Amino acid sequence: MAMTIGVLTSGGDAPGMNAAVRAVTRTALSKGMKVYGIRRGYNGLINGDIVELNARSVSGIIQRGGTCIYTARCDEFRYEEGLQKAKAKCEELGIEGIVVVGGDGSFRGAADLSARGINCIGLPGTIDNDIQCTEYTIGYDTALNTAMEMIDKLRDTAESHDRCTVVEVMGRNAGYIAVNVACAVGAEAVITLEVPYDLDKICADITEAKTSGKNHYIVVVAEGVGNSEKIAKEIQEKTGIESRTTILGHVQRGGSPTVRDRVVATQMGCYAVELLEKGIGNRVVGMKDNKIYDVDIQEALAMKKPFEMDVYNAVNMTAF
Ligand code: F6P
């Protein structure tokens with residue numbers, strides 16, 4: 001009998017999740033499988049908020065941000081009772097495998113469910129690019145481009161007013177967005193959790209640049225640092241340059257996915273279904289040396305990802 005699989009999105013949404021859902025659905029259908037969309041992450045599995053997907057259900061979504069099957073975090077899934085409810089629901093519907101698009105927390109759930117007999121494959125979906133086992137996460141490129149566009153606009157107004165604009169970008173636990181977007185907008189400084197920062201030095205550089213005629217400054221701060229208002233105040237006090245803070249926030253999570261996000265999500269979605277078809281579970285699909293690969297979930301969770309010091313230095317170590 002043909003296989004039945006499910007797909008769910010979990011944790012913070014990311015542009016490109018829809019492309020992944022579409023790819024999983026259509027790849028599975030082309031193999032004669034039955035596909036269920038499990039709504040609002042693992043909650044849908046526990047509560048039975050599940051719909052059958054056909055090729056039409058995933059029409060017209062590849063270009064849309066967000067996730068058409070909704071997403072949520074699910075506390076109940078961290079406990080045996082929740083896991084057993086989910087397993088029972090899978091058995092009731094004949095679901096043999098699930099593709100889980102999300103972050104590390106979602107992968108832990110996928111490992112727990114795999115250990116209870118339902119093969120799960122994780123796809124990395126988060127704008128933060130902070131999943132250790134993969135060079136790239138679905139949503140990252142779109143978020144970078146959104147943040148870049150917004151900061152380009154902030155530069156216009158900072159320049160008109162001879163100001164310093166301090167911009168906080170997302171990344172609760174990682175500075176990948178901050179560093180790359182800072183580089184792309186030509187920021188004067190980037191402040192992240194990964195590297196200790198010296199605000200006195202940043203202020204001294206700004207003061208020196210001012211004497212050479214520079215009239216506007218961009219300082220990018222990663223969300224995890226958490227002090228963007230205070231940083232702006234301090235820059236103003238130490239340099240005499242009027243400073244303003246902008247927190248970009250959730251705008252970075254929305255919007256139509258870029259080509260890269262649509263293509264990577266599609267590749268990963270197809271790959272995940274192929275693993276499930278072979279009866280393989282407890283794996284995360286990632287990108288290594290620019291190629292799609294898969295790795296054991298526990299191994300994936302234990303990996304360490306290098307911080308991009310070269311990009312960090314390209315922003316912070318250059319004269320302006
Ligand atoms: O998607 C990742 C992320 O954007 C983090 O950078 C941020 O701290 C977090 O999600 C916030 O998510 P939420 O507001 O949905 O809890």
Side-chain angles (χ1 to χ4, degrees), residues 8-21 39-44 64-78 100-110 122-151 166-182 184 190-195 220-229 231 245-258 260-261 264-265 268 284 286-287 300-301 305 307-308 311-312:
L8 64 84
T9 50
S10 167
D13 63 350
M17 280 184 164
N18 279 327
V21 171
R39 306 207 296 184
R40 298 181 174 84
Y42 292 115
N43 294 294
R64 282 181 16 212
T67 159
C68 67
I69 50 174
Y70 311 101
T71 184
R73 299 185 172 94
C74 179
D75 250 9
E76 219 183 324
F77 208 67
R78 304 209 326 249
V100 174
V101 192
D104 283 349
S106 315
F107 298 161
R108 267 178 219 111
L123 299 193
T126 164
I127 64 161
D128 291 345
N129 201 29
D130 62 348
I131 297 179
Q132 315 297 328
C133 67
T134 183
E135 287 158 7
Y136 191 79
T137 61
I138 297 164
Y140 180 49
D141 188 56
T142 307
L144 283 177
N145 280 286
T146 301
M148 180 182 73
E149 210 179 293
M150 297 298 135
I151 300 173
V166 175
V167 197
E168 183 179 307
V169 296
M170 269 191 167
R172 185 162 41 196
N173 303 314
Y176 298 105
I177 295 181
V179 164
N180 285 280
V181 107
V190 57
I191 299 176
T192 71
L193 274 179
E194 289 84 353
V195 189
V220 176
V221 181
E223 176 191 353
V225 174
N227 274 333
S228 49
E229 289 281 359
I231 288 169
T245 304
T246 303
I247 298 175
L248 290 186
H250 288 79
V251 71
Q252 296 160 98
R253 288 243 293 255
S256 179
T258 59
R260 181 149 166 82
D261 279 326
V264 173
M268 289 182 169
V284 177
M287 187 178 282
L301 293 173
K305 183 163 165 171
F307 188 60
E308 295 158 301
V311 189
Y312 179 90

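All values reported here derive from a predicted model rather than from experimental measurement. Ligands are counted one by one from 1 in listed order, and the atoms in each one are counted from 1 as well.
The option from Q252, R253, H250 that lies nearest to atom 10 (O) of ligand 1, judged by heavy atoms, is R253.
Between the side chain of T71 and the backbone N or O of T9, at least one donor-acceptor pair lies under 3.5 Å.
Scanning all protein heavy atoms for the shortest distance to atom 4 (O) of ligand 1 gives M170 SD, 2.9 Å. With respect to atom 16 (O) of ligand 1, the closest heavy atom belonging to the protein is R73 NH1, 3.1 Å. Counting only heavy atoms of the protein, atom 6 (O) of ligand 1 lies nearest to D128 OD2, 2.8 Å.
Considering backbone and side-chain N/O of G171, one or more are found under 3.5 Å from N/O of ligand 1.
Classified by interplanar angle (parallel below 30°, tilted 30° to 60°, perpendicular above 60°), the ring pair Y176/F307 is tilted.
The side-chain hydrogen bond (donor to acceptor under 3.5 Å, both in side chains) with D261 is formed by just one residue from the set N18, T137, T142, N145; it is T142.
Taking every non-hydrogen atom of E223 and a distance limit under 4.0 Å, the qualifying atoms of ligand 1 come out as 5 (C), 6 (O), 7 (C), 8 (O).
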- Which is it for V169 and I151 under the side chain to side chain contact (heavy atoms under 4.5 Å, CB included) test, yes or no, and what are the steps along the way? CA-CA 10 Å; V169 296; I151 300 173; 4.3 Å; yes

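Geometrically, R39 does not engage Y70 in a cation-pi contact defined by less than 6.0 Å to the ring centre and at most 45° from the axis.
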